[in-house]
Amino acid sequence: MTTNTVRVVDFAPFRDGTDKTKVAAELLDSFKTVGFVYLTNHGVPDSKLEEMFDWTKKFFSLPLEKKLLAPHPPSGTHHRGYSAPGQEKVSQHLYDESELAAHRAKAPDVKESFESGREDDLVMPNIWLPEGVLPGYREACLDFYWICYELEIEVLKALSLAFDLGEEYFVRVHTQADNQLRLLHYPSVSADAIKNNKVIRIDEHSDFGSITLLFQDDIGGLEVEDPKNPGTFKAGHLFRTVSSCLVLTTSLFQPVPPVPGTVLINAGDFLMRWSNDTIKSAVHRVRAPPALANSEGMIPDRYSIPYFCGADMDIVVDCVPGTWSESNPKKYEPISAKEYVLKRLAASY
């Protein structure tokens with residue numbers, strides 16, 4: 001099954017072992033073509049998802065002064081804690097300070113977020129609210145973090161199998177759970193402000209780890225670039241969008257509706273590089289579906305929970321065996337996961 005260009009894959013036959021090879025091939029094929037895939041029967045209980053979205057809404061409904069008791073540091077290389085709207089501005093391979101400054105001066109990203117990782121991470125220690133501010137929140141985040149890690153490992157096993165490398169090739173370098181759980185809130189915004197490019201929910205970017213697991217509500221707004229036609233986006237929301245309502249591209253937007261009961265997974269830049277560009281890391285962004293504007297012209301709030309998966313920071317990776325040959329040589333030199341990730345994080349703040 002496909003939803004426009006993004007394939008919907010039933011993950012049950014991989015999890016129960018009845019047809020691992022078929023599921024692995026479907027997963028890799030979708031990553032090769034568009035860089036995204038929906039998984040059904042992924043194993044994350046609905047009750048846990050509902051609980052985590054409840055905690056997300058509880059956290060973001062706190063007064064700003066309470067949320068700022070767990071502040072994200074000024075540097076993007078310590079990516080933990082709370083970021084207020086406008087604090088982060090995602091970028092796409094911009095590292096020059098003057099170019100970054102010009103980019104950040106554009107329309108702000110109107111979102112707020114909270115980042116957490118594993119408790120024993122010495123590179124990026126967690127930054128929590130003080131005890132008593134939101135009892136149970138810390139425990140809920142950590143519980144969901146490890147539930148997502150279990151799914152990450154299963155997906156990596158499938159990818160390893162798809163490359164005909166057994167099931168442990170990617171798993172054995174993702175043992176430290178150097179990951180990030182991000183809770184995101186996009187406040188209600190004016191449809192006119194979005195249309196006139198005065199504000200942006202999240203600007204065009206690609207993720208830079210191995211894979212990202214995304215759980216989202218039904219508001220929509222995620223748009224994925226068509227890899228065959230850069231600059232053209234596939235709109236990931238429930239309503240058909242007319243291109244004239246959006247100003248950043250003149251291309252026709254085609255809906256890729258959220259599929260109930262699925263997790264949306266996309267490949268990151270690190271995995272694309274690792275695979276010698278066999279896998280696509282698609283550029284994507286978040287806009288606000290104009291069709292959802294109320295009588296006052298306001299777009300509703302949106303909540304999503306991405307889980308960014310990264311290789312162990314202390315490893316150095318070279319191109320995956322089988323992805324290069326004499327006629328298709330390696331495009332990249334070996335690189336440290338830590339070096340690559342910290343460089344990309346630094347450019348966001």
Task: Test item: Ile147 and Tyr307 side chains (from C-beta on) under 4.5 Å apart, heavy atoms - done: no
TODO: Can you see which heavy atom on Pro135 is nearest to which on Gly132, and at what distance?
DONE: CD-O, 3.8 Å
Open item on the list: Taking the six-membered ring for Trp, are Phe144 and Phe215 closer than 6.0 Å centroid to centroid?
Closed with: yes
TODO: Check for a donor-acceptor pair, side chain of Ser188 on one end and backbone N or O of Ile299 on the other, with a separation under 3.5 Å.
DONE: yes
Open item on the list: Using 0.5 Å steps for rounding, measure from the CD atom of Gln176 to the CE atom of Met313.
Closed with: 9.5 Å
TODO: Determine whether more than 12 heavy atoms belonging to other residues, nucleotides or ligands lie under 6.0 Å from atom CG of Asp143.
DONE: yes
TODO: Without swapping roles, check the side chain of Tyr82 against the backbone of Leu129 for a donor-acceptor pair under 3.5 Å.
DONE: no
Open item on the list: On a heavy-atom basis, which atom in Ala282 and which in Phe36 lie closest, and how many Å separate them?
Closed with: CB-CE1, 3.7 Å
- [ ] Show your working on side chain to side chain contact (heavy atoms under 4.5 Å, CB included) between Val37 and Glu26 and close with a plain yes or no.
- [x] CA-CA 9 Å; Val37 66; Glu26 290 177 342; over 6 Å; no
Open item on the list: So Thr175 and Asp312, do their side chains get closer than 4.5 Å, heavy atoms only?
Closed with: yes
- [ ] Taking the side chain as every heavy atom from C-beta outward, state whether Thr323 and Phe163 have any pair of such atoms under 4.5 Å apart.
- [x] yes
Task: Glu296 atom CD, neighbour heavy-atom count above 12 within 6.0 Å - done: no
Open item on the list: Would you compute the distance between atom CE of Met124 and atom NE2 of His79 and round it to the nearest 0.5 angstrom?
Closed with: 8.0 Å
Open item on the list: Please determine whether residues Val171 and Val317 belong to a single hydrophobic cluster, defined as Ile, Leu, Val, Met, Phe, Trp and Tyr linked transitively by side-chain heavy-atom distances below 4.5 Å.
Closed with: yes
Open item on the list: Using modelled atom types and a 3.5 Å cut-off, is there a donor and acceptor pairing between side-chain atoms of Arg302 and backbone atoms of Gly220?
Closed with: yes
Task: Asn276 side chain to Thr278 backbone, donor-acceptor under 3.5 Å - done: no
- [ ] Check whether more than 12 heavy atoms from other residues, nucleotides or ligands sit under 6.0 Å from atom NZ of Lys22, and answer yes or no.
- [x] no
Open item on the list: Main chain of Tyr332, side chain of Arg273: is a donor-acceptor contact present, judged purely on distance under 3.5 Å?
Closed with: no
Open item on the list: If you compare all heavy atoms of Val320 against all heavy atoms of Ser275, which two are closest, and at what distance to 0.1 Å?
Closed with: CG2-CA, 4.1 Å
- [ ] Can you measure from CZ (Arg15) to NE2 (His42) and round to the nearest 0.5 angstrom?
- [x] 9.0 Å
TODO: Could you check if a side-chain atom of Phe270 sits within less than 4.5 angstrom of a side-chain atom of Phe208, using non-hydrogen atoms only?
DONE: no
TODO: May I ask you to check whether over 12 heavy atoms, not counting those of Lys66, lie within 6.0 Å of atom NZ?
DONE: no
Open item on the list: Looking only at the side chains, is there a donor atom on one of Asp16 and Thr18 sitting less than 3.5 Å from an acceptor on the other?
Closed with: yes
- [ ] Considering non-hydrogen atoms only, spot the tightest contact between Ser210 and Ala311 and give its length.
- [x] OG-N, 3.6 Å
- [ ] Is it possible for you to say whether Phe308 and Val173 belong to one hydrophobic cluster, with membership spreading through side-chain heavy-atom contacts below 4.5 Å?
- [x] no
Anything under 3.5 Å between a donor and an acceptor, one on a side chain of residues 55-62, the other on a protein residue two or more places apart or in another chain? List them.
{"residue": "Thr56", "atom": "OG1", "partner": "Met52", "partner atom": "O", "Å": "2.8"}
{"residue": "Ser61", "atom": "OG", "partner": "Lys57", "partner atom": "O", "Å": "3.1"}
{"residue": "Ser61", "atom": "OG", "partner": "Lys58", "partner atom": "O", "Å": "2.8"}

TODO: Mind telling me whether Trp128 and Phe114 have parallel, tilted or perpendicular rings, with 30° and 60° as the class edges?
DONE: tilted
TODO: Apply the test side chain to side chain contact (heavy atoms under 4.5 Å, CB included) to residues Val6 and Val259: give CA-CA distance (whole Å), side-chain angles for both, the deciding distance (0.1 Å), then the verdict.
DONE: CA-CA 11 Å; Val6 181; Val259 179; over 6 Å; no
TODO: For the pair Cys141 and Leu183, evaluate side chain to side chain contact (heavy atoms under 4.5 Å, CB included) and give the outcome as yes or no after the intermediate values.
DONE: CA-CA 9 Å; Cys141 288; Leu183 311 182; 4.1 Å; yes
- [ ] Measure the shortest side-chain to side-chain distance between Leu264 and Thr212 over non-hydrogen atoms and say whether it is less than 4.5 angstrom.
- [x] no
Open item on the list: Can you tell me how the ring of Phe11 sits relative to the ring of Phe14, calling it parallel under 30°, perpendicular over 60° and tilted otherwise?
Closed with: parallel
Open item on the list: Could you tell me if the side chain of His72 sits less than 4.5 Å from the side chain of Arg80, heavy atoms only?
Closed with: no
Task: side chain to side chain contact (heavy atoms under 4.5 Å, CB included) assessment of Met298 paired with Ser190 - done: CA-CA 4 Å; Met298 298 298 292; Ser190 160; 4.1 Å; yes
- [ ] For residues Lys280 and Thr33, determine if any side-chain heavy atom of one lies less than 4.5 Å from a side-chain heavy atom of the other.
- [x] no
Task: is_close_aromatic(Tyr303, His185), centroid dist under 6.0 Å - done: yes
TODO: Kindly work out whether a path of hydrophobic side-chain contacts (I/L/V/M/F/W/Y, heavy atoms less than 4.5 Å apart) joins Leu49 to Ile265.
DONE: yes
Task: Approximate separation, where rounding is to 0.5 Å, of Ser281 OG and Asp207 CG - done: 6.5 Å
Open item on the list: Are more than 12 heavy atoms, taken from residues, nucleotides or ligands other than Asp120, located less than 6.0 Å from that residue's CG atom?
Closed with: yes
Open item on the list: Would you compute the distance between atom SG of Cys309 and atom CG of Leu213 and round it to the nearest 0.5 angstrom?
Closed with: 4.5 Å
- [ ] Would you kindly confirm whether Tyr169 and Val155 end up in one hydrophobic cluster when ILVMFWY residues are joined by side chain heavy atoms under 4.5 Å apart?
- [x] yes
Open item on the list: Please enumerate all residues that pass side chain to side chain donor-acceptor pair (under 3.5 Å) together with Thr40, with sequence neighbours excluded.
Closed with: none
Task: Shared hydrophobic cluster, Ile127 / Leu68 (ILVMFWY, side-chain heavy atoms < 4.5 Å) - done: no
Open item on the list: Please check: side-chain N/O of Asp301 versus main-chain N/O of Pro187, any donor-acceptor pairing under 3.5 Å?
Closed with: no
Open item on the list: As an exercise, state the distance from CD of Glu154 to CG of Leu159, rounded to the nearest 0.5 Å.
Closed with: 12.0 Å
TODO: Run the salt-bridge test on Asp178 and Lys338 with the 4.0 Å N-O cut-off and return the result as yes or no.
DONE: no
- [ ] Report yes if some heavy atom in the side chain of Leu151 is under 4.5 Å from a heavy atom in the side chain of Val263; otherwise report no.
- [x] yes
Open item on the list: For a quick test of reading the model, state the closest non-hydrogen atom pair linking Pro334 to Val316 and the distance between them.
Closed with: CB-CG1, 3.9 Å
Open item on the list: If you compare all heavy atoms of Tyr145 against all heavy atoms of Ser116, which two are closest, and at what distance to 0.1 Å?
Closed with: CE1-O, 4.0 Å
TODO: Keeping the roles fixed (side chain from Ser160, backbone from Leu165), state whether a donor-acceptor pair exists under 3.5 Å.
DONE: no
